[in-house]
Amino acid sequence: MIKTVNLSKQFSGIYAFKNVNFHLKKGEIHGIVGANGSGKSTFLNVLFQDKNIYKTGGYEGKIIFDGKEIDINTTKEAIELGMGKVYQEFALVNNLDIASNIKINSNNFLGVKDKNTKKDFLYIDKEKNEKEAREVLKEMGIDIDVNMSIKNLNVSLKQFIEIAREVSNRNLKVLFLDEPTASLNKEDTEMFMKIIKSLKDKGISIIFISHRLDEVVELCDEVTIFRDGEVVANYQKKDFDVEKIAIDMIGKKVNKTVNKDRQTNLKSENILELKNISVLGKNNGISNVDMEIKKGEILGITSLAGHGHTDISYAVMGIYKTSGEIIYKGENITNTKTDKIIENGIIMVPDERKERGLLLESDVTDNIIFTSCYSKGKFLKYPKLKGLSILDKKAIKSTVKESIKEYNIKCSSSSQKVRELSGGNQQKICIARSVITEPQVLFVSEPTRGIDIFSKEIILDTLVKINKQKNTTIVMASSEIEELKRICDRVIVMYEGKIFDILSPEEDDEVYSLAISGKRRKKYE
């Protein structure tokens with residue numbers, strides 16, 4: 001279906017990938033894996049003709065699609081040829097309903113076309129759109145009201161709506177999937193894989209990018225490994241070996257971070273306390289939550305998508321309006337403005353990095369220092385003057401250089417725009433920005449989502465280090481239970497917006513799986 005010949009793409013003279021020769025067969029699921037910044041996502045953007053590719057000088061080499069060399073400049077043309085893409089970050093319109101999002105690239109119309117004036121007198125056939133949207137979702141095994149607004153859906157459903165949008169194009173021949181399971185829990189991932197296998201059975205060819213190597217090995221027929229913008233290896237199904245693939249990705253073996261100095265008997269005082277907290281004006285938000293967060297602990301919070309594990313940080317940071325009381329070091333800070341919360345020593349790395357965590361049009365330097373500079377008064381030559389002070393450029397340059405090295409941020413320079421970086425490198429910038437504020441309490445929501453296996457360990461190791469070295473309290477909300485068990489002192493499991501259980505990291509996986517589903521393990525005599 002797709003063949004590339006010496007395909008290359010550069011930004012400002014720096015190659016994102018170079019001389020890639022790649023084959024995607026008909027009805028094949030082909031995995032592409034590699035570290036953050038290795039060129040995987042840019043490769044898909046070239047195939048799908050993302051507008052940024054054309055605006056930055058196009059590409060070098062050839063793309064042959066279904067036997068013919070293509071020369072297109074827009075995503076619209078790619079869709080018309082039979083390509084579809086599910087992005088790492090959602091590409092949905094929140095103020096539209098489900099049906100409108102599914103049919104946005106393949107709307108049905110009523111009305112007439114005037115051949116003389118070459119003008120269309122058309123309007124959207126809403127009834128037919130809704131009917132087809134229901135049919136596509138039914139094929140995927142999803143039963144939901146297609147008139148519901150997208151903004152009211154949990155992360156998992158949004159991901160399935162993205163897939164439904166592409167499948168709704170009945171001309172679909174090739175589907176590109178860029179980290180589609182990064183935000184899904186185990187149960188939803190199993191449902192996703194079933195859907196993708198059914199698309200393969202219909203003859204659709206699929207390129208699957210993921211950092212979850214166990215999923216790649218289970219789902220794919222062939223795997224291509226990118227490293228530093230080049231193809232370094234290719235494996236057929238019979239030769240799959242997770243450890244071998246991981247080493248090819250990074251160039252070395254990766255050691256997993258483990259918190260060896262856990263606090264098994266937490267007797268320290270509460271640094272933060274939630275009393276009967278409920279989120280106001282949000283469907284499926286947290287409700288009547290009581291929580292004690294101990295000074296100096298690493299606390300994990302997990303749940304199925306939409307059950308509240310990421311809501312706690314938004315409530316504490318004053319982003320969600322709440323009822324109840326939030327007590328920080330003995331002071332009531334309920335519904336305090338976010339900038340004041342940061343000043344007081346609490347900061348958050350949000351799960352929605354592009355919407356809440358980044359200045360996309362600014363460079364790497366500005367993104368790393370922004371919060372420290374404007375909320376904490378750091379990097380100013382004359383701190384007492386605050387907004388009137390000039391910046392200490394020497395200190396800024398040194399800190400940014402150190403952060404880029406410490407977090408392995410792949411960028412052409414500290415002046416590169418953050419929008420141009422891979423999702424994983426954007427995430428590392430969010431972590432770096434938060435850590436240099438020297439918080440007393442650090443909330444991190446889904447910190448390893450869409451991150452390669454090497455970078456995951458860098459982030460987890462950083463969290464453990466600042467906890468031990470600076471006594472920073474860490475609250476990590478994540479659907480990655482294996483990671484929570486490796487670094488947390490204890491893990492809170494939420495179900496339907498309430499605390500269901502508080503578990504030791506030593507508990508086995510079965511206990512965790514049952515708890516996130518709202519069930520307890522049966523006790524046998």
Quiz prompt | Contacts of Gln440 that satisfy side chain to side chain contact (heavy atoms under 4.5 Å, CB included) - sequence neighbours left out | solution = Ile271, Tyr328, Lys329
Quiz item: So does Arg262 pair up with Glu297, basic N to acidic O under 4.0 Å?
Solution: no
Self-check item: Under the salt bridge (Lys or Arg N to Asp or Glu O under 4.0 Å) test, residues paired with Lys456 that sit two or more places apart
Solution: Glu483
Practice problem: Keeping to residues at least two apart or across chains, list the salt bridge (Lys or Arg N to Asp or Glu O under 4.0 Å) pairs with something in residues 43-55. | Solution: none
Exercise. Check for a donor-acceptor pair, side chain of Gln427 on one end and backbone N or O of Glu446 on the other, with a separation under 3.5 Å.
Key: yes
Quiz item: What pairs with Lys485 under salt bridge (Lys or Arg N to Asp or Glu O under 4.0 Å), at least two apart in sequence or on another chain?
Solution: Asp509
Quiz item: Any luck finding a side-chain donor-acceptor pair between Lys9 and Thr56 under 3.5 Å?
Solution: yes
Practice problem: List for me each residue that meets side chain to side chain contact (heavy atoms under 4.5 Å, CB included) alongside Lys401, sequence neighbours excluded, and say none if there are none. | Solution: none
Quiz prompt | Residue pairs, two or more places apart or on separate chains, that pass side chain to side chain donor-acceptor pair (under 3.5 Å) and touch residues 243-252 | solution = Tyr235-Asp248
Quiz prompt | Those residues that, when tested against Thr302, pass side chain to side chain contact (heavy atoms under 4.5 Å, CB included) (two or more places apart) | solution = Ile481, Leu484, Val491, Val493, Ile516
Quiz item: Is a side-chain donor-acceptor pair under 3.5 Å present for Ser41 with Asp178?
Solution: yes
Self-check item: Residues forming a side chain to side chain contact (heavy atoms under 4.5 Å, CB included) with Gln10, sequence neighbours excluded
Solution: Tyr15, Glu60
Exercise. May I ask you to decide if Ile458's main-chain N or O and Thr462's side chain share a donor-acceptor pair within less than 3.5 Å?
Key: yes
Quiz prompt | Sidechain N-carboxylate O distance under 4.0 Å for Lys294, Glu269 | solution = no
Quiz item: Parallel, tilted or perpendicular for Phe226 and Phe17, by the 30°/60° rule?
Solution: perpendicular
Quiz prompt | ring-ring contact (aromatic ring centres under 6.0 Å, His included) partners of residues 457-502, not counting sequence neighbours, each pair once | solution = His307-Tyr495
Side chains of residues 365-375: which donor-acceptor partners sit under 3.5 Å, not counting sequence neighbours?
from	atom 1	to	atom 2	distance (Å)
Thr365	OG1	Ser414	O	3.2
Asn367	OD1	Leu359	N	2.8
Asn367	ND2	Leu359	O	3.0
Asn367	ND2	Asp363	O	3.0
Thr371	OG1	Arg433	NE	3.1
Ser372	OG	Ile436	O	3.4

Quiz item: Taking the side chain from Glu162 and the backbone from Ala91, do they hold a donor-acceptor pair closer than 3.5 Å?
Solution: yes
Exercise. Would you please name every residue forming a salt bridge (Lys or Arg N to Asp or Glu O under 4.0 Å) with Glu215, sequence neighbours left out?
Key: Arg212
Quiz item: Would you say the side chains of Thr42 and Asn45 form a donor-acceptor pair under 3.5 Å?
Solution: no
Quiz item: So, are Glu457 and Lys256 salt-bridged, with charged N and O less than 4.0 Å apart?
Solution: no
Exercise. State whether Glu482 and Arg486 are salt-bridged, where the test is any N-O pair (Lys NZ or Arg NE/NH1/NH2 against Asp/Glu carboxylate O) under 4.0 Å.
Key: yes
Show me the side-chain donor-acceptor pairs of residues 402-412 shorter than 3.5 Å, one per line, residues at least two apart or across chains.
from	atom 1	to	atom 2	distance (Å)
Ser403	OG	Thr399	O	3.1
Ser412	OG	Gln416	OE1	3.1

Quiz prompt | Considering all heavy atoms, the nearest Ile286-Ile312 contact | solution = CD1-CD1, 3.7 Å
